[in-house]
A.B. asks: 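This is the structure I have questions about; it appears just below.
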Amino acid sequence: MKTNKSIRAGLTLMMILTVLMLGACSANNTTTTTDTRTKVGIVLTEVGLGDRSFNDAAFDGLVQARDEKSIVFDYREPGENGSAEAAFEEFAVAKFDLIIGLSDTVQADMEKVAAKYPDQQFLMIDSKSELSNIASISFRAEEGSYLAGVIAAMASTEDRVGFLGGMEIPVLRNFEQGFEQGVLAVKPNAIVDVVYAGDFGNADLGEQLAAQMIQEKGADVIYVAAGLTGVGALTEIQKLGKYAIGVDTDQFFLAEKAILTSMLKNVDVSIYNAVNSFIQNNHSFPQKEIVEGLAENAVGLTALHNITLSDEQQKTFDDLKKQISSGQITITLDQ
């Protein structure tokens with residue numbers, strides 16, 4: 001009996017070992033298959049994941065491509081753990097097929113590395129480069145911001161609204177100017193206060209600046225484009241009983257009593273489409289510079305909240321949107 005028990009125990013052990021070995025082989029096969037997929041690296045802004053805005057949207061686009069098994073990807077969040085330049089260098093040394101950088105805040109670092117690795121393909125979001133191995137996606141975000149200005153003007157009872165930006169960089173200057181021109185298209189005598197925080201990652205600062213714009217300037221609608229700093233601003237705007245317009249993703253859930261709408265910049269969709277185009281074109285881009293706006297559905301507004309437009313206001317909004325999409329209205333930018 002003891003012998004039979006020993007045999008059975010031995011057989012059981014062998015079966016377990018066999019299953020484990022087969023599992024290991026399966027895992028190895030999966031790794032091999034994964035390694036044949038297009039490898040994408042992305043360097044986020046210093047704010048990193050959790051901004052509920054630009055970084056999160058970009059990350060989501062790669063997650064979708066990964067889930068469809070067309071790519072594998074890795075990411076880096078520059079800041080405490082290292083510089084953007086070091087992150088780009090790491091991806092380049094590892095021979096990633098495509099390396100993505102977000103915003104012109106990391107452009108200089110990308111260009112340093114791209115110059116050292118001329119055969120490596122890079123993709124810059126929200127800025128452009130003269131280097132031949134850096135393709136770009138930029139958005140006519142001023143078009144969506146113009147519509148945000150239209151809504152802000154319609155919602156304002158004080159005829160005084162505000163724009164709160166993270167840093168005064170070219171892309172946000174475009175946001176600001178589109179917004180202001182949209183406001184003035186509806187209310188030519190309205191006042192638009194503009195404040196830049198100088199920081200995308202300081203929620204407390206966002207609260208302070210929003211309070212100042214409301215309590216000292218009298219703004220009753222504020223368009224917030226400031227990353228994590230903006231999250232603090234939205235919270236404060238709601239606390240003070242005023243209205244806000246979010247950015248990049250639908251930020252309604254952050255301040256449900258304050259958000260009128262959010263200006264969507266569909267970074268996730270654009271990155272997803274660009275990656276697929278890169279794969280389909282044998283790891284190259286059919287065009288070096290991709291520029292998208294309202295006509296391409298790359299920017300726009302979410303559904304309205306906390307406001308109901310009159311029939312006349314809705315007609316005005318629809319007419320202005322159509323004129324921007326068709327090019328009848330040209331937004332003036334100073335850069």
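Predicted, not measured: the structure shown is a model, and the values here were computed from it. Residues: numbered from 1 along the sequence shown.
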A.B. asks: May I ask you to decide whether E89 forms a salt bridge with K112, counting only side-chain N to carboxylate O separations under 4.0 Å?
C.D. replies: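 Result for this pair is no, no salt bridge flagged.
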A.B. asks: Give, for atom NZ of K321 and atom CG of L147, the distance between the pair rounded to the nearest 0.5 Å.
C.D. replies: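 One finds 7.0 Å between NZ of K321 and CG of L147.
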A.B. asks: Look only at the side chain of D199 and the backbone of G166, and say whether a donor-acceptor pair between them is shorter than 3.5 Å.
C.D. replies: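 Judged by distance alone, no pair lies under 3.5 Å.
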A.B. asks: What's the separation between atom CD1 in I307 and atom OH in Y243, rounded to the nearest 0.5 Å?
C.D. replies: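 The OH atom of Y243 is 7.5 Å from CD1 of I307, to the nearest 0.5 Å.
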A.B. asks: Answer whether the closest heavy-atom distance between the side chains of V63 and F73 falls below 4.5 Å.
C.D. replies: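 Yes. Closest side-chain heavy atoms under 4.5 Å.
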A.B. asks: Whether the side chain of D104 engages the backbone of Q107 through a donor-acceptor N/O pair (distance < 3.5 Å, no angle test) should be reported.
C.D. replies: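 No.
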A.B. asks: Minimum heavy-atom separation for G48 and N55, please, with both atom names.
C.D. replies: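 Closest heavy-atom pair between G48 and N55: O-CB, 3.3 Å.
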A.B. asks: Begin with the C-alpha distance, continue with both residues' side-chain angles, and end with the deciding distance and a verdict on side-chain contact (heavy atoms from CB on, under 4.5 Å) for L123 and I137.
C.D. replies: CA-CA 7 Å; L123 176 65; I137 299 175; 4.0 Å; yes
A.B. asks: Judged by atom type as modelled, is there a donor-acceptor pair below 3.5 Å linking the side chain of D250 to the main-chain atoms of S262?
C.D. replies: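 Side chain of D250 to backbone of S262: no pair is present.
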A.B. asks: Can you tell me how far the CD1 atom of I237 sits from the CG atom of L254, to the nearest 0.5 Å?
C.D. replies: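 Between I237 CD1 and L254 CG, I get 11.5 Å after rounding to 0.5 Å.
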A.B. asks: What class does the angle between the rings of H305 and F252 fall in, given that below 30° is parallel, 30 to 60° is tilted and above 60° is perpendicular?
C.D. replies: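 Rings of H305 and F252: parallel, as their planes differ by under 30°.
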A.B. asks: Other than F91, what residues sit in its cluster of Ile, Leu, Val, Met, Phe, Trp and Tyr side chains whose heavy atoms are under 4.5 Å apart, directly or through others?
C.D. replies: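 V43, F88, V93, F96, I99, V106, M110, V113, Y117, F122, M124, L131, I134, all in the cluster of F91.
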A.B. asks: Could D97 and R37 be called an ion pair, given the rule that one side-chain N must be under 4.0 Å from one carboxylate O?
C.D. replies: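 Looking at R37 together with D97, the answer is no, because their closest N to O distance does not fall below 4.0 Å.
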A.B. asks: Taking the side chain as everything from C-beta on, heavy atoms only, tell me whether D193 gets closer than 4.5 Å to I222.
C.D. replies: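 The answer is no; the side chains never approach within 4.5 Å.
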A.B. asks: Rounded to the nearest 0.5 Å, what separation is found between the OG atom of S325 and the CG atom of L320?
C.D. replies: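 Between atom OG of S325 and atom CG of L320 there are 11.0 Å.
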A.B. asks: Verify the distance criterion only: is there a donor paired with an acceptor across the side chains of S326 and Q328 at less than 3.5 Å?
C.D. replies: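 Per modelled atom types, S326 and Q328 side chains form a pair under 3.5 Å.
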A.B. asks: Does some side-chain heavy atom of V150 sit less than 4.5 Å from a side-chain heavy atom of V183?
C.D. replies: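 No. Closest side-chain heavy atoms not under 4.5 Å.
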A.B. asks: Looking at every non-hydrogen atom in both residues, tell me the closest pair between L164 and M213 and how far apart they are.
C.D. replies: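 That closest heavy-atom pairing would be CB-SD, 4.1 Å.
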A.B. asks: With distance as the sole test, does Q251 use its side chain to make a donor-acceptor pair with the main-chain N or O of V247 at under 3.5 Å?
C.D. replies: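 Yes: the side chain of Q251 pairs with the backbone of V247.
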A.B. asks: When you compare the side chains of E292 and S270, does any donor N or O come within less than 3.5 Å of an acceptor on the partner?
C.D. replies: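 On atom types as modelled, these side chains qualify, holding a pair under 3.5 Å.
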A.B. asks: Would you please test D334 and Q177 for side chain to side chain donor-acceptor pair (under 3.5 Å) and show each step?
C.D. replies: CA-CA 8 Å; D334 64 8; Q177 292 169 85; 3.2 Å; yes
A.B. asks: K288 side chain to A135 main-chain N or O, any donor-acceptor pair under 3.5 Å?
C.D. replies: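 No; judged by distance alone, with no hydrogens or angles, the pair does not exist.
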A.B. asks: For the residue pair T302 / T261, report whether a side-chain donor-acceptor contact shorter than 3.5 Å exists.
C.D. replies: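 T302 and T261 do have a side-chain donor-acceptor pair below 3.5 Å.
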A.B. asks: Do the side chains of I191 and L209 join up, straight or via other hydrophobic residues, at under 4.5 Å, putting them in one cluster?
C.D. replies: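 They do not share one cluster, since no chain of ILVMFWY contacts under 4.5 Å joins I191 to L209.
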A.B. asks: Between atom CD of E180 and atom OG1 of T332, what is the distance when rounded to the nearest 0.5 Å?
C.D. replies: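 The CD atom of E180 sits 11.0 Å away from the OG1 atom of T332.
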A.B. asks: Report yes or no: do I42 and Y272 belong to one cluster of Ile/Leu/Val/Met/Phe/Trp/Tyr joined by side chain heavy-atom distances under 4.5 Å?
C.D. replies: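 Result: no, two separate clusters.
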A.B. asks: Roughly how far apart are E207 CD and Q212 CD, rounded to 0.5 Å?
C.D. replies: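 The CD atom of Q212 is 12.0 Å from CD of E207, to the nearest 0.5 Å.
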A.B. asks: Should F54 and D126 count as side-chain neighbours, where that means a heavy-atom distance under 4.5 Å?
C.D. replies: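 In contact.
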A.B. asks: Would you indicate whether the side-chain heavy atoms of T229 and Y196 approach each other to under 4.5 Å?
C.D. replies: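 Contact flag for Y196/T229 side chains = no.
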A.B. asks: Starting from the C-alpha separation in whole Å, work towards a yes-or-no answer on side-chain contact (heavy atoms from CB on, under 4.5 Å) for V186 and M154.
C.D. replies: CA-CA 7 Å; V186 176; M154 291 177 174; 4.2 Å; yes
A.B. asks: Does Y146 form a ring-ring contact (aromatic ring centres under 6.0 Å, His included) with F179? I'd like the steps, not just the answer.
C.D. replies: CA-CA 4 Å; Y146 183 101; F179 176 70; over 10 Å; no
A.B. asks: Among D311, D319, D318, exactly one meets salt bridge (Lys or Arg N to Asp or Glu O under 4.0 Å) together with K315. Which residue is that?
C.D. replies: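 Single pass found, and it is D319.
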A.B. asks: Taking atom NZ of K239 as the centre, does the number of heavy atoms from other residues, nucleotides or ligands within less than 6.0 Å exceed 12?
C.D. replies: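 No, NZ of K239 has 12 or fewer neighbouring heavy atoms, counting only those of other groups under 6.0 Å.
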A.B. asks: Can V275 be reached from L102 by stepping across I, L, V, M, F, W or Y side chains whose heavy atoms are under 4.5 Å apart?
C.D. replies: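 Yes, same cluster.
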A.B. asks: Under the 3.5 angstrom rule, does the side chain of Q314 hit a backbone N or O of S310 as a donor-acceptor pair?
C.D. replies: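 Not at all, since once roles are kept as given, no pair shorter than 3.5 Å links the two residues.
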A.B. asks: Indicate yes or no: at least one non-hydrogen side-chain atom of F200 is less than 4.5 angstrom from one of I169.
C.D. replies: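 Yes - at least one pair of side-chain heavy atoms lies under 4.5 Å apart.
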A.B. asks: Any salt bridge linking D220 with R160? Criterion: basic side-chain nitrogen under 4.0 Å from a carboxylate oxygen.
C.D. replies: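 Answer for the salt bridge query: no.
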A.B. asks: If you compare all heavy atoms of V299 against all heavy atoms of G144, which two are closest, and at what distance to 0.1 Å?
C.D. replies: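 Smallest interatomic distance, heavy atoms only, reads CG2-N, 3.9 Å.
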A.B. asks: Specify the closest pair of heavy atoms between A152 and V161, including all atoms of both residues, with the distance to one decimal.
C.D. replies: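 Looking at all heavy atoms of both residues, the shortest contact is O-CG1, 4.1 Å.
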A.B. asks: Could you tell me how the ring of F278 sits relative to the ring of F285: parallel (under 30°), tilted (30 to 60°) or perpendicular (over 60°)?
C.D. replies: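 The rings of F278 and F285 sit tilted, inter-plane angle from 30° to 60°.
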A.B. asks: Indicate yes or no for a side-chain donor-acceptor contact from S145 to the backbone of A148 under 3.5 Å, with no hydrogens or angles considered.
C.D. replies: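 Here the side-chain-to-backbone pair does not exist.
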A.B. asks: How far apart are the closest heavy atoms of N306 and L260, and which atoms are they?
C.D. replies: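 Nearest heavy atoms, N306 then L260: O-CD2, 4.0 Å.
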A.B. asks: Do the side chains of I279 and V40 join up, straight or via other hydrophobic residues, at under 4.5 Å, putting them in one cluster?
C.D. replies: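 Same cluster.
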A.B. asks: Main chain of E77, side chain of E46: is a donor-acceptor contact present, judged purely on distance under 3.5 Å?
C.D. replies: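 Not a single qualifying donor-acceptor pair exists.
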A.B. asks: Could you list all the salt bridge (charged side-chain N to carboxylate O under 4.0 Å, His left out) pairs where at least one residue sits in residues 132-142, not counting sequence neighbours?
C.D. replies: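 Matches after skipping sequence neighbours: R140-E143, R140-E296.
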A.B. asks: Taking side chain as C-beta onward, heavy atoms only, is V291 less than 4.5 Å from F139?
C.D. replies: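 V291 vs F139: side chains apart.
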A.B. asks: Does the pair K187 and L184 meet the rule for a side-chain contact (heavy atoms from CB on, under 4.5 Å), with working shown?
C.D. replies: CA-CA 5 Å; K187 292 183 175 177; L184 299 180; over 6 Å; no
A.B. asks: Is the shortest side-chain heavy-atom distance between I100 and I271 below 4.5 Å?
C.D. replies: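 With C-beta onward as the side chain, the pair touches.
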A.B. asks: So does D268 get a backbone contact from the side chain of N266, meaning a donor-acceptor N/O pair under 3.5 Å?
C.D. replies: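 Between the backbone of D268 and the side chain of N266 there is no qualifying donor-acceptor contact (under 3.5 Å).
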A.B. asks: Please say yes or no: joined through hydrophobic side-chain contacts below 4.5 Å, possibly via intermediate residues, are Y75 and L62 part of one cluster?
C.D. replies: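 Same cluster.
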A.B. asks: Closest heavy-atom contact between A211 and E236?
C.D. replies: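 The answer is CB-OE2, 3.8 Å.
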A.B. asks: Run the side-chain contact (heavy atoms from CB on, under 4.5 Å) test on L264 and D248 for me, step by step, so that the C-alpha distance in whole Å, both residues' side-chain angles and the decisive distance to 0.1 Å come before the verdict.
C.D. replies: CA-CA 4 Å; L264 292 180; D248 288 339; over 6 Å; no
A.B. asks: I'd like to know if the side chain of S136 pairs up with that of S138 as donor and acceptor (distance under 3.5 Å, no hydrogens or angles considered).
C.D. replies: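 No.
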A.B. asks: Can you tell me if E312 has over 12 outside heavy atoms packed within less than 6.0 Å of its CD?
C.D. replies: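 Incorrect, the count does not exceed 12.
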A.B. asks: Determine yes or no for a side-chain-to-main-chain donor-acceptor pair under 3.5 angstrom, with D159 supplying the side chain and N189 the backbone.
C.D. replies: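 Looks like no, no N/O pair under 3.5 Å.
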